[in-house]
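Inspection log for the structure reproduced underneath, given as structure tokens.
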Amino acid sequence: MRRGEPTQWARPLLALGGEMEKYNPHAIEPKWQRYWQETGLMKAKEEGKKYYVLEMFPYPSGDLHMGHLKNYTMGDALARFLRMQGYSVLHPMGWDAFGLPAENAALKFGLHPREWTYQNIERAKTSLNLMGILYDWDREVTTCEPDYYRWNQWFFIKMYERGLVYRAKAEVNWCPKCQTVLANEQVIDGRCWRHEDTLVEKKELEQWYLRITAYAERLLRDLDKLERWPERVKAMQRAWIGRSEGAEIDFKVKDHPGKAIRVFTTRPDTLFGATFMVLAPEHPLVTEITSPDRAEAVRAYIEATRKKSEIERQVEDREKTGVFTGAYAINPATQEAIPIYIADYVLMGYGTGAIMAVPAHDQRDFEFAKKYDLPIRLVIRPESGELAEPLTKAFEGAGVMVNSGQFDGLPSEEGKKKVIAWLEAEGIGKGTVNYRLRDWLISRQRYWGTPIPMVHCERCGVVPVPEEELPVRLPEIKDVEQIRPKGKSPLEAHPEFIETTCPKCGGPARRDPDTMDTFVDSSWYYLRYADPKNARLPFSRQQADFWMPVDQYIGGIEHAVLHLLYSRFFTKVLYDMGLVGVDEPFEGLFTQGMVLGWTDYGPVEVEGERVVLSEEARLRLELEVRELSLDTLKKMGAELKPGEDGKMHFWKPAVMSKSLGNGVMVGPFVKEQGADIARVTILFAAPPESDMVWTEEGVSGAWRFLNRVWRRFQEDRNELAEVAPDFDPDGLEAKERELWRALNAAIKKVTEDTREFHFNTAIAALMELLNALYDYRKTRPVTSVYKRALMDFLRLLAPFAPHIAEELWRIFDDASVFLAGWPEYDESALKVDTVEIVVQVNGRVRGRIQVSAEASPDEVKAAARAHKNVQRFLEGKEIVKEVYVPGKILNLVVRSQ
RNA sequence: GCCGGGAUGGCGGAACCGGUAGACGCAACGGACUUAAAAUCCGUUGGGGGAGGUUCCCCCGUGCGGGUUCGAGUCCCGCUCCCGGCACCA
């Protein structure tokens, strides 16, 4: 029965009579967890061949569920595997401890954000330990500690000195829920990245920026170096950086001598077709050039634009609107006066905030021209054929230039270059590259973050805090009310913090009241792990050089253009500063799928083929309709199952989350089932990169597998003591040889699959080997090969189910299985005496023959022709071709005689 | 619209470089054990058909339509649908 109650997966452990010990994870797991910590199994040492395994560090949110643990489980399996292979492994963990939830919780419970954070860290750590996930805790990094955030401040000042930090007044994104500004990357579809339901507002504020745009080209270009990154993450970063090549062209404004408007275009070849110009309503020149008779209309339009949300402005297929400013620009190619409009389809945030409109060759301009009856001039014709005029839509493709004076007849690609050369010669434009990427706004009007180490002095202006005075500590709070967001920085309310003296002139000055975006914290934490206790520097070059880059980074896709872009930027800056020797932080990136849980969406009534949703179910599913067909239900991946009340409910897998209440919590699960079972369930259910549904059936499968492992060893325990695992592979009898081959095949498969992150197939290979071990023991006694196979099996199992492997390893050895090395396979053992050759006639399987592995092609062909069923298909035919793939297949191509 | 990734049994998924499609697991069914159930063990399981003493044979089958090849889940061309990202970006 699949039920909602928390004991759904409770199941009694194997109860067998007699002297055999039953598999009891609860009895063995805590013991080994303590043992690994005490013996320092995962202590990283700077010696030998290094491998840096890292999972994205979490925001500490307390008790963890299986959805949180997937990437840590994978990282742990990989780290243990590499450790056994003899690598010097760095596998650290830390906490992205600054941020809003701590403040919100503080306000809700009247608890200091620090206390709340540290309580959560303790609980999260407990969950990780319960799962047997091992870290080098000596390297733990917690970003809310002054020892850590002082280096955020240090980097900020260093970047300031290099011109990479600046303060600017601009229209910024404001989240009314967070009560703070956000960076561009943190606005998703016009909404706050933390609050899907909250539209971001625009505010004009003076804020701190990091000049990430200075690195746009390198951030884009170096993506090509990242061979072990998923294509889609690279695609997302490329799209975000948004490079486009074109030209900037100055258009003089008629009757405004000396005034010019610069536009950006990717199609300089269409310059002769520019019949009007459009400015973004926010463009700074708008008020200057607007003629008095148009002033009122222009003012009204600007006002209307400002009221529209970003969302409204971005809706596709919205009818173009705009107003004429009364001013004219001079097309530098044709010398024609062309009207200047303002329209909200031109955005101030891209290019120069102004465009030359070429209605014949840009669909947006075309629509605008149609609506306002502006001239449409064809300046590109297709390579072949003619365009029928009047046009019904813009021709945006490449072609040949026409109506373009001296450029007529040039192919448009070549024309672009020629027009740019002409513009440059005339001094009225130049070829440029434009990026969509904007500078990173890092000021936040919140308490729980890194104070910005800047001082505002009336006499000296903005002055950085001297290095030796770092860290600038957050002021202590006496009352949580002091951190309540009021639309400006809570730190403003702390005079003992704000009021200071100017480092330059010693006069009275004020500290900057904002804190940094927490993405600054996570942009370099992986470097701190290399040297976490350094009090002199963020990390030593030497230690960083030993461990960097991160060889395998594991995390969610949601950070594709947030954390992963910021971290690449930071690493490049640090590289330029000579602090690290690598300019890319993460050599390999793996984005894991999510964990879904079966979720009860509420009761339904079934009426024949139709399912009538209750109000509760309809609301929770966010559906408009009241009923569904059984077919639709199936397509949604949903099922009808009883809920806790015994009535029919609508169930569907959904991402595990606190709000849906569908998370399988680590603590209770491990207590009732065990950590190894949880680990195998997670790793076996689906390929690691895909989403997996956590099911009771999956748990049963893992439980049965580990139980079978346990029993195999327990049943043979006594006999195993009697034999040594040494033998001559050439002296084995048939059944032994088969087992020996199966063992070596498994070693090969598990080794390769684990290295390539195919944990599901690695575990499948272990299951196959276990089946072979059972099969062998049906008819044969405990022998040396068998013992060897059992020992190697445990070593192969250890990364995935470490506790049971460590426990059973004690049958053979007093030392840890993780110090026993990784088994190597013997290629010669994979050979078989006889092979099965598939015999095809005209590509269709007609028989299988057993031949010696050394059989010559002629022998195989003879044997194939002798095969009874094959003969049937050869009868009366002539063999015209024989294709033989040694050891695999023989295809006889025949034709009727 | 553009970009990226997919589509294989009842289900999750395997299949190296083009060479036995469906590994491994789940579910289901049949049997053994048991007073009974659970657990465990053994067997069957892509669809259809045929012969039959263990077993064997034929046809169809990897989203759809073509192609290349002795041979295609895999390569090529043209589609459909699904998931994700971007999207008035000049």
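All figures in this text were calculated on a predicted structure; none of them were measured in a lab. Residue numbers begin at 1 in each chain, while the letters A, B, ... track the order of the sequences.
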I'd like to check A:I342 versus A:I302 (side-chain heavy atoms, cut-off strictly below 4.5 Å). Are they in contact? yes
So A:N331 and A:F276, do their side chains get closer than 4.5 Å, heavy atoms only? no
Would you say A:R238 places a side-chain N or O within less than 4.0 Å of OP1 or OP2 belonging to B:rG85? no
Taking OP1 and OP2 of B:rC86, is either one under 4.0 Å from a side-chain nitrogen or oxygen of A:R232? no
Using the [atom1] atom on both, measure [N] against [M] and round to a whole Å.
{"N": "B:rC79", "M": "B:rA87", "atom1": "C1'", "result": "25 Å"}
{"N": "B:rU80", "M": "B:rA27", "atom1": "P", "result": "40 Å"}
{"N": "B:rA39", "M": "B:rC29", "atom1": "P", "result": "13 Å"}
{"N": "B:rU68", "M": "B:rU74", "atom1": "C1'", "result": "14 Å"}
{"N": "B:rG84", "M": "B:rC76", "atom1": "C1'", "result": "27 Å"}

Taking ring-ring contact (aromatic ring centres under 6.0 Å, His included) as the definition, give me every residue that meets it alongside A:F590, ordered by chain and number, with sequence neighbours left out. A:F757
For nucleotides 26-28 of chain B, give me every protein contact, N/O to N/O, under 3.5 Å, one pair per line with atom names.
| residue | atom | partner | partner atom | Å |
| --- | --- | --- | --- | --- |
| B:rC26 | OP1 | A:R704 | NE | 2.9 |
| B:rC26 | OP1 | A:R704 | NH2 | 2.9 |
| B:rA27 | OP2 | A:R704 | NH2 | 3.0 |

Contacts of A:A235 and A:T265 projected onto RNA chain B by closest heavy atom; the upstream (5') one is A:A235
On RNA chain B, check which nucleotide each of A:N842 and A:M356 is closest to and give me the residue with the more 5' one. A:N842
Taking the side chain of A:R846 as its heavy atoms from C-beta onward, which of B:rA90, B:rC59, B:rG5 lies nearest to it? B:rC59
In whole angstroms, how far is the [atom2] atom of [N] from the [atom1] atom of [X]?
{"X": "A:I557", "N": "B:rC86", "atom1": "CD1", "atom2": "P", "result": "11 Å"}
{"X": "A:F873", "N": "B:rC70", "atom1": "CZ", "atom2": "C1'", "result": "17 Å"}
{"X": "A:E396", "N": "B:rA87", "atom1": "CD", "atom2": "C1'", "result": "13 Å"}
{"X": "A:K371", "N": "B:rC88", "atom1": "NZ", "atom2": "C1'", "result": "14 Å"}
{"X": "A:Y774", "N": "B:rU40", "atom1": "OH", "atom2": "P", "result": "11 Å"}
{"X": "A:I241", "N": "B:rC86", "atom1": "CD1", "atom2": "C1'", "result": "14 Å"}
{"X": "A:L770", "N": "B:rC24", "atom1": "CG", "atom2": "P", "result": "12 Å"}

Assigned glycosidic conformation for B:rC17 [threshold 90° from 0]: syn
Which glycosidic conformation, syn or anti, is assigned to B:rG9 if syn requires a torsion within 90° of zero? syn
Regarding [X] and [Y], does a basic nitrogen lie under 4.0 Å from an acidic carboxylate oxygen?
{"X": "A:K749", "Y": "A:E768", "answer": "no"}
{"X": "A:E882", "Y": "A:R865", "answer": "yes"}
{"X": "A:E227", "Y": "A:K234", "answer": "no"}
{"X": "A:K430", "Y": "A:D250", "answer": "no"}

Scan side-chain atoms only and decide if [X] and [Y] contain a donor-acceptor pair under the 3.5 Å cut-off.
{"X": "A:N434", "Y": "A:R243", "value": "no"}
{"X": "A:T305", "Y": "A:D344", "value": "no"}
{"X": "A:Q673", "Y": "A:W703", "value": "no"}
{"X": "A:N707", "Y": "A:R704", "value": "no"}

Could you tell me whether [X] contacts a base, only the sugar-phosphate backbone, or nothing, with contacts defined as non-hydrogen atoms closer than 4.0 Å?
{"X": "A:N771", "result": "sugar-phosphate"}
{"X": "A:R438", "result": "nothing"}
{"X": "A:R708", "result": "sugar-phosphate"}

Output one line per pair: protein atom, nucleotide atom from nucleotides 17-22 of chain B, and distance, for all N/O pairs under 3.5 Å.
| residue | atom | partner | partner atom | Å |
| --- | --- | --- | --- | --- |
| B:rU20 | O2 | A:R848 | NH1 | 2.1 |
| B:rU20 | N3 | A:E836 | OE1 | 3.2 |

What is the ring orientation for A:Y350 with A:F264, classed by angle as parallel under 30°, tilted 30 to 60°, or perpendicular over 60°? perpendicular
In terms of the angle between their ring planes, are A:F368 and A:Y341 parallel, tilted or perpendicular, with boundaries placed at 30° and 60°? perpendicular
Can A:K70 be said to sit on top of A:W694's aromatic six-ring, NZ or CZ under 6.0 Å from centre and within 45° of the ring axis? no
Is NZ or CZ of A:R262 both nearer than 6.0 Å to the six-membered ring centre of A:F251 and within 45° of the ring axis? no
Stems where RNA chain B pairs, listed by first number, each of three or more Watson-Crick or G-U pairs under 3.5 Å: B:1-7 with B:80-86, B:10-12 with B:24-26, B:28-32 with B:40-44, B:46-51 with B:55-60, B:63-67 with B:75-79
Tell me every residue that passes salt bridge (charged side-chain N to carboxylate O under 4.0 Å, His left out) with A:D439, counting only those two or more places apart in sequence or in another chain. none
Per-nt protein contacts along nucleotides 8-15 of chain B (heavy atom under 4.0 Å; B base, S backbone sugar-phosphate only, - none) come out as ----BSS-
